[in-house]
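Encoded as structure tokens, the structure appears first; notes follow it.
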Amino acid sequence: MTAMVKAEGVHKSFGSVQVLKGIDLEVAPREVFCLIGPSGSGKSTFLRCINHLEKINSGRLYVDGDLVGYRQQGDKLYELKDREVAAQRRDIGMVFQRFNLFPHMTAVENVMEAPVQVKRESKSVARERALKLLDRVGLADKAGNYPSQLSGGQQQRVAIARALAMEPKLMLFDEPTSALDPELVGDVLDVMRDLAEDGMTMVVVTHEMGFAREVGDSIVFMDNGVVVESGDPREVLTNPQHERTKSFLSKVL
């Protein structure tokens, strides 16, 4: 079976600072793959490399068997044109810490926007699906509200619906609950649980260890740009093998 995400020796630097130092990992289709680790460990950068928001310096990244951001001829890599990168990104939904909704559009308009603009879907078809997706994330009654009229948790659920509107085969979540008040976190995690049960492949950068333990199929602990430890979340979180993992978990659990 083709891995949904495959990283081979991925390196990424910003100037002289090495942020990713040779990441190797695989995410299977339908898997919920959690990335944990301290701030600055490279988790979010790696996530952004998966859809080529950040360009890698060396190594290979594949999504569903396709090389991300490049094509290979012989042993040389050629960067894809912006248009080709955009086509790859259509299949990858991304949910950020900050919700990045369009403030001048209602919830339903935010969800409709990409299918209409990118896929050239008719507004009526896009609207119908957008309303179904808002219902799915528990916001059917907020379709006509603007982002400023929604709580952070509601905005994040609209952002998830917006990512789903493109019918992606992979969803990336970059600490989707870290900007939320504690009592709003549960609603967002419930939507993510629901997606997991439906078999959506998800890569989740998270500080929510309970979610990782309960919903995750695999977990990777990253520190200082490398994978320190990986395995079954229940195993890694209750019985970490590496001193660095133990020290990190003792502070967050």
Item to check | Smallest separation among heavy atoms of Pro168 and Met200, with atom names | outcome: O-CE, 3.6 Å
Item to check | Thr106 (side chain) donor-acceptor with Glu109 (main chain) under 3.5 angstrom | outcome: yes
Checklist entry - Does Ile92 belong to the same Ile/Leu/Val/Met/Phe/Trp/Tyr cluster as Leu164, with side-chain heavy atoms less than 4.5 Å apart forming each link? => result no
Next on the checklist: Test question: given the 4.5 Å side-chain rule for I, L, V, M, F, W and Y, name all other residues clustered with Val116, or answer none.
Outcome noted: none
Item to check | Minimum side-chain heavy-atom gap Leu172-Val95 below 4.5 Å | outcome: no
Next on the checklist: Between Lys43 and Pro38 (side chain of the first, backbone of the second, donor and acceptor by atom type, cut-off under 3.5 Å), is there such a pair?
Outcome noted: yes
Next on the checklist: Donor-acceptor pair, distance only, cut-off 3.5 Å: does the side chain of Asn57 make one with the backbone of Ser13?
Outcome noted: yes
Item to check | Charged N-O contact under 4.0 Å between Glu54 and Arg48 | outcome: yes
Checklist entry - Do the non-hydrogen side-chain atoms of Met4 and Tyr62 ever get within less than 4.5 Å of each other? => result no
Next on the checklist: Testing the basics here: between Gly9 and Asp24, what is the closest heavy-atom pair and its distance to 0.1 Å?
Outcome noted: N-OD1, 2.7 Å
Next on the checklist: Using the rule given for side-chain hydrogen bond (donor to acceptor under 3.5 Å, both in side chains), can you reason through Gln156 versus Thr177, listing the C-alpha separation, both sets of side-chain angles and the distance that settles it, and then say yes or no?
Outcome noted: CA-CA 8 Å; Gln156 192 59 295; Thr177 58; over 6 Å; no
Next on the checklist: For a quick check under 3.5 Å, do Glu229 and Thr245 share a side-chain donor-acceptor pair by atom type?
Outcome noted: yes
Checklist entry - Given side chains that start at C-beta, do those of Met94 and Leu53 come closer than 4.5 Å, heavy atoms only? => result yes
Checklist entry - How far does CZ of Arg71 sit from CG of Leu80, to the nearest 0.5 angstrom? => result 7.5 Å
Item to check | Test: Lys55 and Glu79 ion pair at under 4.0 Å | outcome: yes
Item to check | Atom pair CZ (Arg30) and OG1 (Thr201), whose distance is rounded to the nearest 0.5 Å | outcome: 8.0 Å
Item to check | Within residues 233-253 or reaching into it, pairs that qualify as ring pair (Phe, Tyr, Trp, His ring centres under 6.0 Å) - sequence neighbours excluded | outcome: Phe221-Phe248
Next on the checklist: Would you say that Val203 contacts Val32 through its side chain, given a criterion of any heavy-atom pair below 4.5 Å between the two side chains?
Outcome noted: no
Checklist entry - Should Ile36 and Val220 be marked as a side chain to side chain contact (heavy atoms under 4.5 Å, CB included) after you check the CA-CA gap, both sets of side-chain angles, and the distance that decides it? => result CA-CA 6 Å; Ile36 63 167; Val220 157; over 6 Å; no
Checklist entry - Looking at side-chain heavy atoms only, is the closest gap between Leu61 and Phe46 below 4.5 Å? => result yes
Checklist entry - Where is the tightest heavy-atom contact between Pro147 and Asn110, given as atom of each residue plus distance? => result CG-ND2, 4.0 Å
Checklist entry - What is the minimum heavy-atom distance between Leu184 and Gly153, and which atoms define it? => result CD1-N, 3.8 Å
Checklist entry - So, the side chain of Asp174 versus the backbone of Ser44: is there a donor-acceptor pair under 3.5 Å, distance only? => result no
Item to check | Listed once per pair and sorted, the salt bridge (charged side-chain N to carboxylate O under 4.0 Å, His left out) pairs that draw on residues 194-209, sequence neighbours left out | outcome: Arg136-Asp194, Arg136-Asp198
Next on the checklist: Under 3.5 Å, is there a donor on one side chain and an acceptor on the other for Lys251 and Ser247?
Outcome noted: yes
Checklist entry - In this structure, are over 12 heavy atoms from other groups packed under 6.0 Å from Lys123 atom NZ? => result no
Next on the checklist: Taking Gly216's backbone N and O only, do any of them form a donor-acceptor pair with Arg234's side chain (distance below 3.5 Å, no angle check)?
Outcome noted: yes
Checklist entry - Can you list the steps and then say if Val252 with Leu249 is a side chain to side chain contact (heavy atoms under 4.5 Å, CB included)? => result CA-CA 5 Å; Val252 298; Leu249 291 173; 4.1 Å; yes
Checklist entry - So, Asp223 side chain and Ser41 main chain: donor-acceptor pair closer than 3.5 Å or not? => result no
Checklist outcome for this item: Distance col, row Asp91:CG vs Met171:CE, nearest 0.5 angstrom, shows 13.0 Å
Checklist entry - Between Gln88 and Val85, is there a donor-acceptor pair closer than 3.5 Å when you use the side chain of the first and the backbone of the second? => result no
Item to check | Approximate separation, where rounding is to 0.5 Å, of Ser218 OG and Asp232 CG | outcome: 7.5 Å
Next on the checklist: Quick check: is Val227 connected to Leu47 through a chain of hydrophobic side chains (ILVMFWY, heavy atoms under 4.5 Å apart)?
Outcome noted: yes
Next on the checklist: Check whether Arg157 reaches the backbone of Val137 with its side chain - one donor and one acceptor, N or O, closer than 3.5 Å.
Outcome noted: yes
Item to check | Separation of Leu35 CG from Ile23 CD1 (nearest 0.5 Å) | outcome: 8.5 Å
Checklist entry - With hydrophobic residues grouped by side-chain heavy-atom distances under 4.5 Å, do Leu195 and Leu180 end up in a single group? => result yes
Next on the checklist: Check for me, please, whether Val27 and Val10 land in the same ILVMFWY cluster - side-chain distances under 4.5 Å, paths through other members count.
Outcome noted: yes
Next on the checklist: Looking at Arg193 and Asp190, is there a salt bridge between them, counting it only when a charged N and a carboxylate O are closer than 4.0 Å?
Outcome noted: yes
Checklist entry - Do Asn51 and Val68 have side chains that get closer than 4.5 Å, going by heavy atoms? => result no
Next on the checklist: Would you say that more than 12 heavy atoms from the other residues, nucleotides or ligands in this model lie under 6.0 Å from the NZ of Lys12, or not?
Outcome noted: yes
Checklist entry - Would you call Glu167 and Arg129 a salt bridge, taking side-chain N to carboxylate O under 4.0 Å as the test? => result yes
Checklist entry - Can you tell me how far CZ of Phe96 sits from CG of Leu101, rounded to the nearest 0.5 angstrom? => result 11.5 Å
Next on the checklist: Apply side chain to side chain contact (heavy atoms under 4.5 Å, CB included) to residues Arg127 and Val108 and explain how you reach the verdict.
Outcome noted: CA-CA 7 Å; Arg127 184 181 177 82; Val108 73; 3.5 Å; yes
Item to check | Close aromatic pair by centroid cut-off 6.0 Å: His104 and Tyr146 | outcome: no
Item to check | Hydrophobic cluster membership, Val158 vs Phe173, 4.5 Å side-chain cutoff | outcome: yes
Checklist entry - Of the non-hydrogen atoms in Leu20 and Gly42, which two are nearest, and what is the gap between them? => result CD2-O, 3.4 Å
Next on the checklist: Just checking Glu128: does its CD atom have more than 12 heavy atoms from other residues, nucleotides or ligands closer to it than 6.0 angstrom?
Outcome noted: no
Item to check | Check: Asp64 main-chain N/O paired with Lys169 side-chain donor or acceptor under 3.5 Å | outcome: no
Checklist entry - Would a 4.5 Å heavy-atom cut-off, applied to side chains only, mark Met112 and Leu133 as touching? => result no
Item to check | Contact check, side chains of Leu237 and Ile219, non-hydrogen atoms, under 4.5 Å | outcome: yes
Checklist entry - Do Glu175 and Thr206 meet the criterion of a side-chain donor-acceptor pair at a distance under 3.5 Å? => result no
Item to check | Stepwise side chain to side chain contact (heavy atoms under 4.5 Å, CB included) test for Tyr78 and Gln73 | outcome: CA-CA 8 Å; Tyr78 297 91; Gln73 283 189 321; 3.5 Å; yes
Next on the checklist: Can you give me the closest heavy-atom contact between Val215 and Ala196, atom names plus distance?
Outcome noted: CG1-CB, 3.6 Å
Item to check | Short side-chain to backbone donor-acceptor contact, Asn145 and Leu150, under 3.5 Å | outcome: no
